[in-house]
Structures are given as structure tokens and as C-alpha cells.
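To start, the structure under review is shown below, and the notes come after it.
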Amino acid sequence: MEKQNEVVLFGTWASAFCKRVELALKIKGIPYEYVEEDLTNKSESLLHYNPVHKKVPVLVHNGKPISESLVILEYIDECWNNTPKLLPEDPYQRAKVRFWVNFVDHQIMARLLPIIMSRGEEREKAIKEFNELLKVFEEGIKKDFPEEFPFFERKSLAYLDIVVGAHFCNYEAFHEVVAVVFSPEKNPAIMAWLEALKNHPLMKPPHDKLVAEMRGKYLGQSP
Ligand SMILES: N[C@@H](CCC(=O)N[C@@H](CS)C(=O)NCC(=O)O)C(=O)O
């Protein structure tokens, strides 16, 4: 007989996109099996389950695959709807959360690569642009969610905490390997939020492992 709720996550440990899905499953208390993928040698299962993008994360629920991390988060929220909600009930609030998640994924994240790739004055300029976008984000969420801000005072992590936390709560490793990009002077509310997120028991980033990974990836240094 088929199991009622068989959940398998294909992921890779250092990926923020995969971390999002793991966080959602843990917040909702959903038991799952985790399969670590080697992206230099993708498994037949991954290629079978995500033939379009061939990327992780992929969630397989009772044999049915779902790809794209944000699609997976929404699927989890809809399927296990008697557990803590990731998205707000109100459609307008939901739209605003989706708007800012999109802003983080497409605008803010796009500014990280120029920082990684550049040096000297060019890097300073890239960091300044990154901080300006963070400021837009900070002001935007304060205006859109005045009652909820700061988010970390909520009982349970929600959609925006998951996305922001998975991307940025490892910022200390990024500072150590690449450059200091977050500062309490420039982005006080975001920094306070990240500080709380990184100390959350589900969020805690594996600092030393990440530093080694980033040194290899960004600086070409082997461990
Ligand atoms: N938009 C995708 C991005 C996923 C993604 O970029 N996954 C990376 C790991 S961080 C991957 O699987 N890369 C393998 C490849 O590009 O071949 C999502 O949100 O799930």
C-alpha cells in the first residue's frame, strides 16, 4: 500500500534555495527523507524529476515531483494547511509578501555577483549599490508590514523570513571570504532581523563549512 505522505527532498547543503524548502518542512513539522545531490554528477533521479531545469531543490510528494523553490514553498503551505502558515491569509498581504520575495531574489541577489567578481573601487561601488537596494527593501517592508515588523517577534518563521534567512543569515561567512556588505549603520532594521534569524535554531548556518565552500567557489582555494 502506498504511504500517505511520503516526502523526499533532493538538495545540496550549501544552496539557499534548498535551505528554504528544508526550513518550510521543519517549520511545519513534516517528516521527510533528504537526498544530497552532487551537482557535478547529477543523479538519474534528479534528471528524471526535474528534466526542465535539472536543478535542486526538487520535492517529491508521494511520487510526484515539484521544482522551483518558491513553487515548492507555496505547495507545502497549501498541502499542509493545518500547520503554521507560511503566507498570510489576506490576499493583499500575500501579494505584498510575494512582491518583496521577488525583489530579494531578482534585484538584491543580482547585486551580489558584481561584488564577488570585482575588486578595489569597482567593488566599493558594487557594495554601495547593494546597500542602496537593501535600503529600498528595508523601507518597503517597514511601510508594508508596520504591524509585523520586526518579523522575528512572530512565533513562527514565515515566507519572507525563510527567503531572507536562507539567503543572508550566513552573512558572516560572506564577510570573511568576500567583503563586508551588511552593516548596522547602513541597514539597521535588516541587520537586527538577520541577527535574530541567524540565531534561530532552525536557521543557524554551518559557518566554518560555508567559509571553506565559499573560499573554494569564489577564490579558487582548496580546503
Ligand atoms: N530558481 C531555482 C534556482 C535553483 C538553483 O539555482 N539550484 C542550483 C543550486 S543552488 C542548482 O541546482 N544548480 C545546478 C545547475 O545549475 O546545473 C529555485 O528557486 O529553485
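Every value quoted in this text rests on a predicted model; they were computed, and no experiment measured them. The analysis underlying the following values was restricted to heavy atoms, covering all of them including side chains, and did not include hydrogens, waters or symmetry mates. Atoms within a ligand are numbered from 1 in the order they appear, just like the ligands themselves.
Of all protein heavy atoms, the one lying nearest to atom 17 (O) of ligand 1 is Lys42 NZ, 2.5 Å. Scanning all protein heavy atoms for the shortest distance to atom 8 (C) of ligand 1 gives Val56 O, 3.9 Å. Ranking protein heavy atoms by distance to atom 16 (O) of ligand 1, first place goes to Lys55 CE, 3.4 Å. Remark: minimum distance from atom 9 (C) of ligand 1 to any protein heavy atom is reached at Leu39 CD1, 3.9 Å.
Here the two rings, on Phe182 and Phe130, have centers that are under 6.0 Å apart.
Closest approach of Lys142 and Ala189 over heavy atoms only: CD-CB, 4.3 Å. Shortest non-hydrogen contact noted between Ile115 and Ala179 is CG2-CB, 4.4 Å.
Considering both main-chain and side-chain atoms, Glu68 comes within under 3.5 Å of ligand 1 through a nitrogen or oxygen pair. Considering backbone and side-chain N/O of Thr12, none are found under 3.5 Å from N/O of ligand 1.
Within ligand 1, counting atoms from 1 as listed, the ones closer than 4.0 Å to a heavy atom of Ser15 are 10 (S). Atoms of ligand 1 found under 4.0 Å from any heavy atom of Pro57 (numbered from 1 in listed order, with element): 20 (O).
Which of Gly11, Ala14, Ala16, Ser69 comes nearest to atom 19 (O) of ligand 1 through a heavy atom is settled by distance: it is Ser69.
Look at Glu121 and Lys125 and you find no salt bridge, because none of the NZ, NE, NH1 or NH2 atoms lies under 4.0 Å from a carboxylate O. With respect to the salt-bridge test (charged N to carboxylate O, under 4.0 angstrom), the residues Asp77 and Arg94 do not qualify.
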#### Entry: side chain to side chain donor-acceptor pair (under 3.5 Å) evaluation trace for Tyr171 with Glu195
CA-CA 10 Å; Tyr171 73 89; Glu195 200 57 29; 2.9 Å; yes

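Within 6.0 Å of the CD atom in Gln221, the count of heavy atoms belonging to other residues, nucleotides or ligands exceeds 12.
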